[in-house]
Undergrad: 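One structure follows; several queries about it will come next.
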Amino acid sequence: MPIAPRALAAVGEAVQDVTVSSPFASWAATADAVRSTAKKLEKMAALARYLGTLEDDDLAIAARLFAGGPFPRADQRVLAAGWSALVDAILERSGASPDDIGAAYRRHADLGDVAADLIATPPRDARALTLRDLAAAFDGIAATKGANAKRALLRALLARATGGEARYLVKIVGGDMRIGLREGLLEDAVARSFGREREAVARANMLSGDVGEAAVRAKHDTLAAAVFAHFAPVGMMLATPVLELAEVAKRFAPPYFVEDKFDGVRAQAHKAGDRVELYSRTLDRVTERFPELLAPLRAIPGSFVLDAEILSFRGDRAVPFTEFQTRLGRKTVSADLLAQLPATLVAFDVLERDGDPLMERPLSQRSLVLRGLPLAGPLRTPDLRVIDSTGGELVAALEREFAASRSRGNEGLMVKDPRSRYRPGRRGMEWLKVKRALRTLDVVVTAVEWGHGKRRGVLSDYTFAVRDEHGRLRHIGKAYSGLTDREIADLTEHFLARTVEDRGHARVVEPDTVIEVAFDRIQASDRHDSGLAMRFPRIVRLRPDKPVAEIDTLATAREIAKREEAP
Ligand code: AMP
């Protein structure tokens with residue numbers, strides 16, 4: 001049974017023929033140790049100790065699981081088992097009732113912790129789960145078609161797990177690990193375990209798209225031989241919101257690279273040989289959604305990886321996202337929509353070119369490579385303005401640029417540090433975003449209620465949350481207007497399938513639906529557990545492109561509230 005499509009033989013070391021794989025219980029005990037302390041050094045020591053004991057294939061599996069997913073990032077397979085299948089498996093394994101699950105979910109707000117709480121008996125199947133069992137089970141679930149068949153495999157897997165193991169199985173399958181372990185810390189632990197430089201581990205992980213491969217390379221001292229893997233999407237670098245223009249100067253020194261912030265969908269374009277693929281912000285393959293971009297991308301000689309925003313233009317003006325959105329979410333786009341809303345790819349960064357990995361180079365250099373690409377037709381780069389001033393002059397220049405961007409139909413500005421490297425998946429101060437009225441937050445829906453009057457029979461009232469510094473969801477408001485009847489009908493179906501607890505008029509749901517909410521102000525309040533409440537919240541739009549991990553934080557909401565209080 002292959003442990004991953006990216007065979008470890010590619011690492012340049014023969015895979016050892018180990019007959020006994022390490023018990024998953026040891027992995028879970030290490031995860032417990034990581035979770036139980038807030039101290040980075042202790043987390044790292046526990047991880048390093050454990051990883052150092054593993055054979056190659058177990059090491060690769062263990063490292064990938066600590067990164068939170070069943071498969072390497074470079075691997076496009078998904079389990080697609082679904083929340084209700086998980087709830088089902090927990091019900092069966094624990095013998096608990098749906099009410100018990102609801103009550104436990106209210107206590108823990110984490111389905112993995114619910115499983116650990118409710119599963120009290122040892123598994124009937126006495127064969128202890130090993131890391132290789134897990135990898136094989138994930139391979140099987142991903143390869144199986146049909147919801148029922150997947151459910152059966154999941155139930156069989158959970159039947160062999162103790163409560164403590166089930167906690168992490170559920171977290172991994174549910175895609176929400178939250179054990180206070182960032183990938184950076186995992187890389188540190190790998191480096192420490194095998195006496196390598198952490199930068200070298202991070203680099204091999206970034207290039208290969210597989211922390212498991214990086215770990216095995218660290219063990220065998222072949223980190224330097226890692227190469228950039230095309231068609232393994234890299235986590236997208238994120239921006240930090242800036243609430244007022246004067247704040248830009250506090251983040252980094254001039255010069256500032258300034259571009260329009262285009263309001264479309266994020267995409268990463270890969271080309272090698274004749275193959276071209278597009279990946280979404282959630283790193284899913286979305287190539288077929290934009291057929292008109294493929295030939296122009298293929299026409300560019302050589303290999304490359306571009307970071308970009310896809311949207312539609314009418315003349316020089318950007319088409320509003322709400323209109324462009326009508327062609328998204330469909331697997332194949334009709335000829336009509338292609339004609340009405342043709343896609344343009346605005347490439348604002350380049351991560352690889354002709355075999356050269358560029359992520360570690362400063363933005364100023366990447367920008368030169370980007371602008372040297374022969375982009376034509378629906379491919380373009382944003383106009384780049386370099387602002388080299390400070391104080392009032394800087395604010396005045398940014399104000400002018402902001403207004404100009406808005407007049408072109410764009411959302412605002414991106415201000416970038418030309419000295420910065422590309423940091424995959426990180427939200428830092430090197431990219432700042434200055435948005436619209438600065439009065440919207442991206443939040444996740446946690447509970448829904450049946451509507452009244454015209455909205456009777458649909459789940460139309462949404463309670464939503466932001467994320468605190470520990471990754472916990474904190475409620476901040478409730479909104480019931482802003483979506484179309486069609487969107488509400490679709491969401492009703494979605495929420496019915498993802499109900500954790502049915503309280504009659506209201507349902508607690510899986511927190512998987514991200515919405516952008518506008519508000520008049522945010523103020524202190526004891527109505528919600530965030531200690532804040534939005535006044536006059538209304539839903540601006542759905543954000544299916546945005547993963548729940550990237551919703552706005554409690555810190556940002558507090559910052560907005562603080563500004564409201566200021567005279
Ligand atoms: P937000 O979605 O509000 O977190 O803002 C960050 C997003 O802005 C990125 O994920 C991109 O999709 C988008 N974006 C639009 N224009 C640019 C640009 N010029 N540079 C970087 N990101 C951009």
Side-chain angles (χ1 to χ4, degrees), residues 233-243 256-269 278-284 286 290 306-313 318-322 324-325 328 343-351 359 363 366-367 370-371 375 379-387 398 401-402 404-406 408-418 420 422-444 466-467 514-518 540-553 556-557 560:
V234 173
M236 309 212 180
M237 181 155 167
L238 303 170
T240 297
V242 166
L243 297 177
Y256 302 94
F257 272 19
V258 176
E259 297 163 355
D260 283 10
K261 183 174 191 299
F262 301 92
D263 195 7
V265 285
R266 185 89 177 255
Q268 201 173 92
L278 295 169
Y279 300 95
S280 71
R281 184 172 177 140
T282 40
L283 311 188
D284 297 311
V286 292
F290 305 103
L306 301 175
D307 191 359
E309 190 83 356
I310 298 179
L311 67 160
S312 200
F313 286 91
V319 170
F321 180 77
T322 42
F324 185 62
Q325 197 179 23
L328 304 174
T344 294
L345 180 133
V346 185
F348 49 75
D349 217 320
V350 57
L351 315 187
M359 288 185 274
L363 173 62
R366 299 200 304 275
S367 180
L370 177 69
R371 283 168 176 83
L375 302 186
L379 313 178
R380 53 166 104 162
T381 52
D383 282 340
L384 174 66
R385 277 86 64 191
V386 182
I387 300 183
L398 289 173
E401 293 297 347
F402 186 84
S405 162
R406 297 307 308 275
R408 289 186 279 268
N410 296 327
E411 213 185 352
L413 298 179
M414 296 290 302
V415 182
K416 302 177 182 177
D417 185 343
S420 63
Y422 191 94
R423 299 207 298 145
R426 300 288 175 85
R427 189 186 302 283
M429 292 300 170
E430 303 98 330
W431 283 19
L432 306 172
K433 59 182 176 191
V434 190
K435 271 220 255 188
R436 220 166 357 228
L438 304 173
R439 294 213 176 270
T440 71
L441 285 182
D442 295 326
V443 297
V444 68
V466 289
R467 215 180 255 294
V514 178
I515 55 177
E516 184 176 338
V517 178
V540 183
R541 60 170 157 160
L542 301 174
R543 292 294 312 254
D545 58 312
K546 202 159 211 184
V548 179
E550 291 175 21
I551 59 172
D552 276 301
T553 59
T556 299
I560 295 173

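Ligands are counted one by one from 1 in listed order, and the atoms in each one are counted from 1 as well. Predicted, not measured: the structure shown is a model, and the values here were computed from it.
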Undergrad: What residue among Arg467, Arg427, Met236 forms side chain to side chain contact (heavy atoms under 4.5 Å, CB included) with Glu550?
TA: Arg427
Undergrad: What I want to know is whether Trp431 and ligand 1 share at least one N or O pair that is separated by under 3.5 angstrom.
TA: no
Undergrad: Could you list which atoms of ligand 1 come closer than 4.0 Å to a heavy atom of Asp260?
TA: 16 (N), 18 (C), 19 (N)
Undergrad: Give me the nearest non-hydrogen protein atom to atom 2 (O) of ligand 1 as residue plus atom name, then the distance to 0.1 Å.
TA: Arg281 NH1, 3.3 Å
Undergrad: Quick check against the 3.5 Å criterion: does Glu516 have a side-chain atom that pairs as donor or acceptor with the backbone of Thr440?
TA: no
Undergrad: Among Arg380, Arg406, Arg385, which one satisfies salt bridge (charged side-chain N to carboxylate O under 4.0 Å, His left out) with Asp260?
TA: Arg385
Undergrad: In this structure, does ligand 1 have an atom that sits under 4.0 Å from one of the heavy atoms of Met236?
TA: no
Undergrad: In terms of side-chain geometry, is the basic nitrogen of Arg266 or Asp545 positioned less than 4.0 Å from the acidic oxygen of its partner?
TA: no
Undergrad: Return the residue, atom name and 0.1 Å-rounded distance of the protein heavy atom closest to atom 19 (N) of ligand 1.
TA: Glu259 OE1, 2.8 Å
Undergrad: Looking at Phe324 and Ile310, what are the two nearest heavy atoms and their distance?
TA: CE2-O, 3.6 Å
Undergrad: Using heavy atoms and a 4.0 Å limit, tell me yes or no: is Glu411 in contact with ligand 1?
TA: no
Undergrad: I'd like to know whether ligand 1 has Lys546 as a neighbour, heavy-atom separation below 4.0 Å.
TA: yes
Undergrad: Does Gly428 offer a backbone N or O that forms a donor-acceptor pair with the side chain of Thr240 under 3.5 Å?
TA: yes
Undergrad: Nearest to atom 1 (P) of ligand 1, what protein heavy atom do you find, and at what distance?
TA: Lys433 NZ, 3.1 Å
Undergrad: Starting from atom 22 (N) of ligand 1, what is the nearest protein heavy atom, named by residue and atom, and what distance separates them?
TA: Phe348 CZ, 3.4 Å
Undergrad: Could you name the option among Glu309, Arg543, Lys261, Lys416 that has the heavy atom nearest to atom 20 (N) of ligand 1?
TA: Lys416
Undergrad: Should Phe321 and Leu311 count as side-chain neighbours, where that means a heavy-atom distance under 4.5 Å?
TA: no
Undergrad: For atom 10 (O) of ligand 1, what's the nearest protein heavy atom and its distance?
TA: Arg266 NH1, 2.8 Å
Undergrad: Contact between Met237 and ligand 1, counting heavy atoms under 4.0 Å?
TA: no
Undergrad: Which option wins on minimum heavy-atom distance to atom 18 (C) of ligand 1: Met414, Glu516, Glu550?
TA: Met414
Undergrad: Test salt bridge (charged side-chain N to carboxylate O under 4.0 Å, His left out) on Arg366 and Asp307; report intermediate values, then the result.
TA: CA-CA 11 Å; Arg366 299 200 304 275; Asp307 191 359; over 6 Å; no
Undergrad: For the CZ atom on Arg426, are there more than 12 heavy atoms of other groups (residues, nucleotides or ligands in this structure) within a distance under 6.0 Å?
TA: no
Undergrad: In terms of residue, atom name and distance, what is the protein heavy atom nearest to atom 15 (C) of ligand 1?
TA: Phe262 O, 3.0 Å
Undergrad: Would you find a donor on one side and an acceptor on the other, under 3.5 Å apart, between the side chain of Ser405 and the backbone of Gly412?
TA: yes
Undergrad: Any heavy atom of Val265 sitting closer than 4.0 Å to ligand 1?
TA: no
